[in-house]
Every structure is written in structure tokens, then in C-alpha cells.
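Have a look at the structure below before the remarks.
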Number of protein chains: 2
Amino acid sequence: MRHVAALAGVGVKTVSRVINGEPNVSAATIEKVNAAARKLDYQPDLHAGNLRRADGRTRTLGLLVGSVDNPFAGAVHRAVEDAAADRGVAVFASSLDDDPAREQEAVAAFLRRRVDGLILTTVSESQAYLAPELRRGTPVVFVDREPAGLTSDSVVSDNADGAALATRHLLEHGHRRLAYLGDRAGIQTARERRRGFLEELGRAGVATRDLPVVEGLHDEATAREATLALFAGDQPPTAIFSSQNLVTIGVIRALRELGRHHDTALVGFDDVPLGDLLDPGITVVAQHPQEIGRLAAERVFARLDGDEAPALRTVVPTTLIVRGSGELPPKAER
Amino acid sequence: MRHVAALAGVGVKTVSRVINGEPNVSAATIEKVNAAARKLDYQPDLHAGNLRRADGRTRTLGLLVGSVDNPFAGAVHRAVEDAAADRGVAVFASSLDDDPAREQEAVAAFLRRRVDGLILTTVSESQAYLAPELRRGTPVVFVDREPAGLTSDSVVSDNADGAALATRHLLEHGHRRLAYLGDRAGIQTARERRRGFLEELGRAGVATRDLPVVEGLHDEATAREATLALFAGDQPPTAIFSSQNLVTIGVIRALRELGRHHDTALVGFDDVPLGDLLDPGITVVAQHPQEIGRLAAERVFARLDGDEAPALRTVVPTTLIVRGSGELPPKAER
DNA sequence: GTGAAAGCGCTAACAC
DNA sequence: GTGTTAGCGCTTTCAC
């Protein structure tokens, strides 16, 4: 900046004014400064400016998702990015991998870089460690999962409702031997989905005691194996509710291997890529990750713009998408 | 930091030493400082430190991909993140959307934030604008597409070879009426893939004059329409080579609608999610985005670690994955 | 083993 | 309209 000022024959403050589009600079001076900046390939240092700037904004957001490689996370990320780009805000993205240590490291990395706001998917038992940061005024919005030990904005799917919707759908198609295949019970959304599943069965008067409730599945491989094991038993289910996109894919693979994909009903929670092109089409309770990301970004920016309202919990409804796999009737008992 | 120093009863420099794990501090002092830092929820400001620090490293990378919502980009991103996280480096991720303006803005946003390195997918005609930055010592690695008007490291798939491989596969299965459905010719990889397609046909002695070469497709919708149009003509192809994952999906949808998915061969460039579970399975020339991301990160960090070798062009081979759609024989002429 | 002073690139406050 | 000075939070240099 000093070099630009020298080359343009003005003071550094004038360069600063031009760079930031502040008023009270003559057109001729603006042109001189811009010419000098161009000649020197000058790029202002945002961080240096922020050190002194009144609002202290870095125009940077930290986003933590399950994995940047997951379609759900990709859609959330994209929506956040679009909202941020409109405001000249850049986005740090990190993957959580359902690892509490990674959560803490990622958040610390964001905070050391003085992000203006945080959009987080979390997995550790408590997010109380964020309290000081929240007091400091950094907006924190939780996506997909709600925080524990701390109150802040969140944007989540209606997990229990969606799971109940899926379950009711299977019940309506005559199934009574349903199986639940889901993620670790340590994960809040997994608990909610299991609760929705069991409660809906309870409302329908179906005894849940003997129904298989398999937890701890987190990827295709474990879900596939769990499904195979289920069918190796003497009372395989006639319908499966899978609580997560990767689990759903694992179930599909297993059912195909067993040749049971046309006689075992399946409803998945969260949409599956190309789910409509499979045979049968995969009936899912779809979430709306794009909408979740959009609303989360909206919350962060509202807070940055001075919204002081109490923490807001935004629930994004899920949608049942009927495609075939959820409408298969129970296989006749042998 | 001043507050921490005051509370611990030491000078700021001592706090700095403790934070950065520098030697020559007594164990007792370290403990005092850490206790004070914890009490005050002190988070060091990385940017402030970098202003003065000798190496000037922000421990931050800028990554520009097609769209963070695309599976290819997600895999690249994930690999870059994993390599970066090992080194305590955070990653800014932005979407290009094949928009030259967005490219420039994203890069400028990265540079204003003083990223240590850049991993870029580009679309503008020339990246010469990066020359000053490159001279300044910022490593720039191009992924997926090679730069123009500038020489720097790149990590790309063997686009022409992969396209030729796909084409040869279709020829070997007896097809002569092949169609090419691809992205805008303005995109370097699209040009390469078209070249590979046409050259392979030339080597096989197949006249390419009358074969449909449709370009300018960039999403499912346009690819679907182009495919439908192809079959509305009087000489529909017996085989299709689609040059990109979204285009492949659009083609699949159109073929299904037409009921032609079992008599029109299809090989796609770049893998398609669940491509093995469709009927027929989708034969593709798979790229290795994870590997591309890993190698790109490796390049950036090698440069940061002082590698001064001439610009390196790394080619990641593609792999033909046979699943059914590419092995369909030509439909008997009517 | 520790601290004081200067300065990184910029903006705030105020002078002219 | 424009420049000067101080200082943001930290690291460097150098003294003790």
C-alpha cells in the first residue's frame, strides 16, 4: 500500500479511501491510485485491515459438515456459498467425520482465523465450549443436528416426523415385520429417527419388542453387512427403514445380492442420488439440504446484521417421495 | 494476549512463546500462561501473527472447483482437505459454475485473504492474470483443466485417452453410428474428450462427417433434451459417448423415457453415483478425483516446502469400468 | 529464561 | 479533498 501511495504520489490514507470506495476523493486521484495499484498488482490485505477496522469483520464463514464428499453436505455447502458470495464472504469448509476431536479442531481452526460466523454440524456430547465465543458475539448456527449444553440458532429436518412418515407408509402397505437400520445412537438425528420409527409403530399397535433395531451403521459397508445378517436370521423383515443415505445404499446392495429387492420394501431417510432410476425406484423421506443451507446462512447473516432475538430453531419439513421400493407388499409368509 | 500476559504476570512475548511452543520458557511459566489463557478463553489471532511472522504463512488454501455440489468436486475437495488438515491448513472452497467472472472473483477473494496456495479449476480464456502472484511465490496448481497463458503445476485426467478408450470400447462392440454429447467447446477438457472421440473413430476408419457431435451441454436438462432431439431425427445413433457425469445422467433419463436404454449403448466419461445399480449398469471411463485432489495438494505443499522444479503436469489415468450399458450390441437396422 | 521496543499492512481519528 | 499519527494483535530483534 505504501508503494502504491508513493507511485500515485498520494498518502496511504488516500489509497485506503480509494480501495474501500470511501467518499471525498477527487475523480482524478481515484484514477491515479487505481493506475498505480494495477501497475503494482496490488491486492489489499483483508486481514491487516480487519485488525484495525471498527466492525472487525473478516468476511469469512466457517462451515463444518459431515463430509464435503457427501451429497447432503454438498447441497448445504452450495447453498451457504451462494448466500455468502452475494455478500463478498468466503467460506471455510471442513469435514466432521463424526469425530468429536475433529469437531473441536475444526472449530478452533475457524476461530483462530476469526471467522464472522459458524455453521456447524456437530457430534461431540456438548457444545458448551462455544459459550464464550457466542458471548463474544460470533453467531453460531447448528445445521442438521441441534446443539447440546448450549442454546443457539439451529436449522434441522423434522427427523422424528419424517421417520414416522416413512414408517406409516410401510404400515399402510401392510407390513408388520419392519426393521430399523440406523446410525450410532450417539448421534442426535439418529436417535430422533429411531424414536419416530418406534413411536409410529406404537401408535399403530405393533409390538416392537421383536423387531430388529440395528444401530451403529455409518457407511455402505456396515449397512450391507447388517442387512445380510438380518436375512441370515430365521425371521427376516418384510420392510426396512434405513435412517441415512449411505445406509440406504448399503441396504440396496445387500437386497440385490440376496435377490430380495423386489419383495422387501424399503424406505430411506434422506434422498439417494439417482434413486428414481433404480429398479425399483427408491422411496425416500427426502430432506432439503439446499433449503437447510440457505436458512442457516440467512440466520448467520441476520445475526451479523444485528438480530438479537432469542435462539431460533428452524425445522425444515421432510417430503415423502414415492418411487416403488416403499410400496412393495409384504412377501407372503412361507 | 495483553490480558493473558497481565493475568499470568508475564510479558506478552512470553505468552507468544508459550502459544507457539517456543523453547526457553520454564515449565512453571508455561503452566501459568496456559491457565490464564484458558481462563480468558483466549484464541490467538492467526492473521495478526502472520502480519509480522517471517514466513508469512496463513496456513490457508484456496480451492476452486466446478461446484461444491458435484460428486467429482466433492471427492477432490475431500482429498485436499485431508492433506491440508494434516498440516493444520484450512481450506476455502468456492464454486466456479463455469463462469469466468466467478473465477476472477473467487481468486481475488482468496488472494485478499492471503492464502498460501491455490488449487484451481478454471474456465476463463487465460490465467495470465495470475502471473504476478506466481512470481510472488504463491503456488498455483490447476486441477481437472490445464491453464492457458501461464505455466504452472497441473493435475489432470488423460481426457483424450479416456475418450478414445470409451470410443474404442463402443467400436469393439460393433457400433458405427456413434454420437458425442458433450460440454461447451470453450472448456478445455471438453475439447480434449471430443478430440479423443473423433481421433479414435478416425483410426478405426469410421467417417465422422455424419455423426452427431452435440456440444454446449452442461447439465442434466440440456443433455436430456439433446438426446431426445437425437432420437427424433431419422438416423438415431446406436451408441452414445457422453463426456461428463451430469450429461451422462441426462442421457440416461432420455433413453429411459424413450424406452431405448436396453438397445442404445452408452459410455460416460466420469463416474456416475450408483452407476453399478442401474439397469443396465452404466459403463464409464472413471476419473479418480480423490487421487487428483491428493496429488494437487501434494504439489502445493511441495512448492511451499521449497520445491523449485519446473512446472509439473501430472496426468492421472482413467479407468474403463464395464457395467453393461457400454456392451449393448447395435440394434439391428430396420 | 524473560521483557521492551519496533514494526507487519492497514484503518480510525483528527488535523489541515 | 487529503495527509499525519496512533494503534489493531501479534512476532521480531535485541537487551538483560
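The sequence lines fix the lettering, A, B, ..., with proteins before strands; numbering per chain opens at 1. Only a predicted model underlies this, so the values are computations on that prediction, with no experimental measurement involved. Note that these values count all heavy atoms, side chains included, but never hydrogens, waters or copies made by symmetry.
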Between [options], which nucleotide gets closest to the side-chain atoms of [X]?
{"X": "A/K13", "options": "D/dG1, D/dT12, C/dA12", "value": "C/dA12"}
{"X": "B/L51", "options": "C/dT11, C/dC8, D/dC10", "value": "C/dC8"}
{"X": "B/R17", "options": "C/dC10, C/dG3, D/dG9", "value": "C/dG3"}
{"X": "B/T14", "options": "D/dT2, C/dT2, C/dT11", "value": "C/dT2"}
{"X": "B/A48", "options": "D/dT12, D/dC10, C/dA12", "value": "D/dC10"}

Nearest-Å distance for atom pair [atom1]/[atom2], residues [X] and [N]:
{"X": "B/M1", "N": "C/dA5", "atom1": "CE", "atom2": "P", "result": "16 Å"}
{"X": "A/N20", "N": "D/dG1", "atom1": "CG", "atom2": "P", "result": "18 Å"}
{"X": "A/D45", "N": "C/dC10", "atom1": "CG", "atom2": "C1'", "result": "8 Å"}
{"X": "A/E31", "N": "D/dG1", "atom1": "CD", "atom2": "P", "result": "17 Å"}
{"X": "A/I19", "N": "C/dT11", "atom1": "CD1", "atom2": "P", "result": "8 Å"}
{"X": "A/R2", "N": "D/dT5", "atom1": "CZ", "atom2": "P", "result": "15 Å"}
{"X": "A/Y42", "N": "C/dG9", "atom1": "OH", "atom2": "P", "result": "10 Å"}
{"X": "A/R59", "N": "C/dT11", "atom1": "CZ", "atom2": "P", "result": "13 Å"}

- Query: Taking everything shown except A/R2 itself, do over 12 heavy atoms lie less than 6.0 Å from its CZ?
  - Reply: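 Open: at most 12 neighbouring heavy atoms sit under 6.0 Å from CZ of A/R2.
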
* Donor-acceptor pair (no angle test) under 3.5 Å: B/R114 side chain, C/dG9 base ->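 No, the side chain and the base share no sub-3.5 Å donor-acceptor pair.
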
Side-chain donor or acceptor of B/R52 under 3.5 Å from a matching atom on the base of C/dG9?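 Looking at the base of C/dG9, it does not pair with any donor or acceptor on the side chain of B/R52 (distance under 3.5 Å).
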
Using a 4.0 Å heavy-atom cut-off, does A/P44 contact any base of the nucleic acid, only the sugar-phosphate backbone, or nothing at all?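 It contacts sugar-phosphate atoms only.
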
**Prompt:** What does B/V10 touch in the nucleic acid at a heavy-atom separation under 4.0 angstrom: a base, only the sugar-phosphate, or nothing?
**Reply:**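 Here B/V10 touches the backbone only, sparing every base.
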
message = Looking only at the side chains, is there a donor atom on one of A/E103 and A/T122 sitting less than 3.5 Å from an acceptor on the other?
response =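 A/T122 and A/E103 do not have a side-chain donor-acceptor pair below 3.5 Å.
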
What distance separates B/H288 NE2 from B/L295 CG, expressed to the nearest 0.5 Å?
->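 Going from the NE2 atom of B/H288 to the CG atom of B/L295 covers 11.5 Å.
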
Let me confirm one number: the CZ-CD distance from B/F72 to B/Q287, rounded to the nearest 0.5 Å.
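That separation rounds to 4.5 Å.
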
If you compare every side-chain N and O of [X] against the phosphate oxygens of [N] (OP1, OP2), does one of them come in below 4.0 Å?
{"X": "B/N24", "N": "C/dT2", "result": "no"}
{"X": "B/S16", "N": "D/dT11", "result": "yes"}
{"X": "A/T29", "N": "D/dG1", "result": "no"}

Of the non-hydrogen atoms in B/S95 and B/S67, which two are nearest, and what is the gap between them?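 Smallest interatomic distance, heavy atoms only, reads OG-CA, 3.5 Å.
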
Checklist line | Residue whose nearest DNA chain C nucleotide is more 5′ - B/V12 or B/G49 | finding: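 Between the two, 5'-proximity favours B/V12.
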
Between the side chains of B/R102 and A/D82, is the shortest nitrogen-to-carboxylate-oxygen separation below 4.0 Å, so that they form an ion pair?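 Yes, this pair counts.
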
**Q.** 5' priority, DNA chain D, between B/R53 and A/G9 [closest heavy atom]
**A.**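 It is A/G9, whose closest nucleotide lies nearer the 5' terminus.
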
